[in-house]
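Only one structure is covered here, and it is reproduced in the block below.
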Amino acid sequence: MKSKYSPKKLFIDLVYDLIGCILYAVGINCFIIPQDFASGGVSGIALIITYLTGLPNGTITFILNIPLIIFSYKILGHVFLIKSVKTLAILTVAIDVLTINFPKYTGDPMLAAICAGLAIGAGLGVVYIRGSSTGGSDFITLSIRKLKPHFSVGTITSTIDYIILGSSILFLGNVDAALYGCVAMFVSAKVLDQIMYGGNKGKLMMVVTEKGEDVANAIFETTERGVTVADVRGAYSGNPKQLVISAMSRHEMPKARKAAHDADEMAFTMITNTDEVFGEGFIDPRED
């Protein structure tokens with residue numbers, strides 16, 4: 001039987017890990033630490049220790065992750081654990097060695113917070129899309145996501161981060177540091193969600209009509225997307241109708257909406273956003 005974790009996948013993971021961890025480390029070493037900002041997650045706790053003791057941030061982060069690794073093992077499994085420990089080790093090197101001498105930004109704090117969020121969010125996104133983690137609250141985040149898949153990664157991450165950011169005020173005594181840290185984490189969460197879901201976002205059209213076949217054909221001919229037709233009944237009138245459902249990209253929606261309206265001007269049309277769509281013409285659910 002072919003190994004599920006082949007050397008090719010390992011190599012690709014290492015490349016993504018290196019890129020993601022360097023981006024994350026840039027956010028920490030080039031923007032967060034020079035400005036004495038607070039941060040969220042375990043890295044935020046590690047930053048407090050770094051500020052108070054001067055010890056290497058990456059090494060402290062690694063040590064603090066050990067109990068969380070043990071905690072998340074049963075929920076996330078040994079494959080994820082091994083991948084995450086690998087990523088965490090790379091992150092430790094990226095923070096303490098690879099980016100330690102990168103130029104430090106000491107200018108406008110707001111710009112620093114935004115740039116930190118961009119770098120950290122991009123780094124997390126690159127790591128997450130390969131099914132790994134940078135450790136820390138990521139273990140908690142992905143454990144919650146596995147138990148509650150309808151929660152977005154960015155929302156869970158930011159919630160945990162804000163709790164730790166609030167706690168950092170007690171230790172650092174600097175409200176501005178925590179507030180700028182909140183800005184950085186807000187930007188990070190938005191960038192993270194955009195990387196993980198932005199490229200796969202689309203639209204879902206649902207049309208209630210008495211001309212189901214006509215509407216379905218019009219949508220298909222316009223977008224060449226799959227269309228599903230189901231028999232339904234109006235609750236008030238009791239009249240039989242058809243529900244036409246089709247998933248498509250955002251730029252296809254205006255054409256599909258017009259086509260449906262042209263096929264039945266009396267149709268009731270609903271359009272909603274989709275974060276991810278799996279199936280033919282969209283994401284292959286077997287993708288790693």
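Computed over heavy atoms, backbone and side chain alike; hydrogens, waters and symmetry mates excluded.
Not counting sequence neighbours, the partners of L243 by the side-chain contact (heavy atoms from CB on, under 4.5 Å) test are M206, V208, V232, I245. Scored by the side-chain hydrogen bond (donor to acceptor under 3.5 Å, both in side chains) test, N57 finds T50 as partners (sequence neighbours excluded). Partners of E213 by salt bridge (charged side-chain N to carboxylate O under 4.0 Å, His left out), not counting sequence neighbours: none found. The side-chain contact (heavy atoms from CB on, under 4.5 Å) search around D264 returns T209, K211, V215, M266, A267, not counting sequence neighbours. Residues passing the side-chain hydrogen bond (donor to acceptor under 3.5 Å, both in side chains) test with T59 are D96, sequence neighbours excluded. Partners of T99 by side-chain hydrogen bond (donor to acceptor under 3.5 Å, both in side chains), not counting sequence neighbours, listed by chain and number: N29. Take D36 and apply the side-chain contact (heavy atoms from CB on, under 4.5 Å) test, not counting sequence neighbours, and it matches Y51. Partners of S43 by side-chain hydrogen bond (donor to acceptor under 3.5 Å, both in side chains), not counting sequence neighbours, listed by chain and number: Y24. Residues that satisfy the side-chain contact (heavy atoms from CB on, under 4.5 Å) test with I12, not counting sequence neighbours, are K8, Y16, R130. The ring pair (Phe, Tyr, Trp, His ring centres under 6.0 Å) test applied to F62 returns no partner, not counting sequence neighbours.
G117 and V187 make their closest contact through C-CG1, 3.8 Å (heavy atoms, listed as atom of the first residue, atom of the second, distance). Residue G27 comes nearest to A116 through the heavy atom pair O-CB, 3.9 Å, listed as atom of the first residue, atom of the second, then distance. When all heavy atoms are compared, the tightest approach of E210 to P240 is CG-O, 4.3 Å. Pairing each heavy atom of S39 with each of M185, the nearest pair is OG-CE, 3.8 Å.
The structure places NZ of K203 at 9.0 Å from CZ of R257, a figure rounded to the nearest 0.5 Å. The CG atom of D17 sits 9.5 Å away from the CG atom of L91 when rounded to the nearest 0.5 Å. Once rounded to the nearest 0.5 Å, the distance linking CG of L192 with CG of L118 reads 12.5 Å. Taken from OG1 in T223 to CE in M248, the straight-line distance is 4.5 Å, to the nearest 0.5 Å.
Residue I100 is found outside any hydrophobic cluster, as its side-chain heavy atoms come under 4.5 Å of no other Ile, Leu, Val, Met, Phe, Trp or Tyr.
Under the 4.5 Å side-chain heavy-atom criterion for ILVMFWY residues, a single connected hydrophobic cluster contains both I60 and V85. Both I120 and I129 are members of a single hydrophobic cluster when ILVMFWY side chains are connected at heavy-atom separations under 4.5 Å. At a threshold of 4.5 Å between side-chain heavy atoms, the hydrophobic network of Ile, Leu, Val, Met, Phe, Trp and Tyr places F102 and L98 in one connected group.
Look at K258 and D262 and you find a salt bridge, because one of the NZ, NE, NH1 or NH2 atoms lies within 4.0 Å of a carboxylate O, short of that distance.
Note on residues 103-121: no pairs pass side chain to side chain donor-acceptor pair (under 3.5 Å), not counting sequence neighbours.
Judged purely by atom type and a 3.5 angstrom limit, N65 has no side-chain atom pairing as donor or acceptor with the backbone of L68. Here the side chain of S246 pairs a donor or acceptor atom with the backbone of G226 at under 3.5 angstrom. In this structure, the side chain of S188 does not engage the main chain of A184 through any donor-acceptor pair within 3.5 Å.
A side chain to side chain contact (heavy atoms under 4.5 Å, CB included) with C21 is found for exactly one of T92, T87, V93, I95, namely T87.
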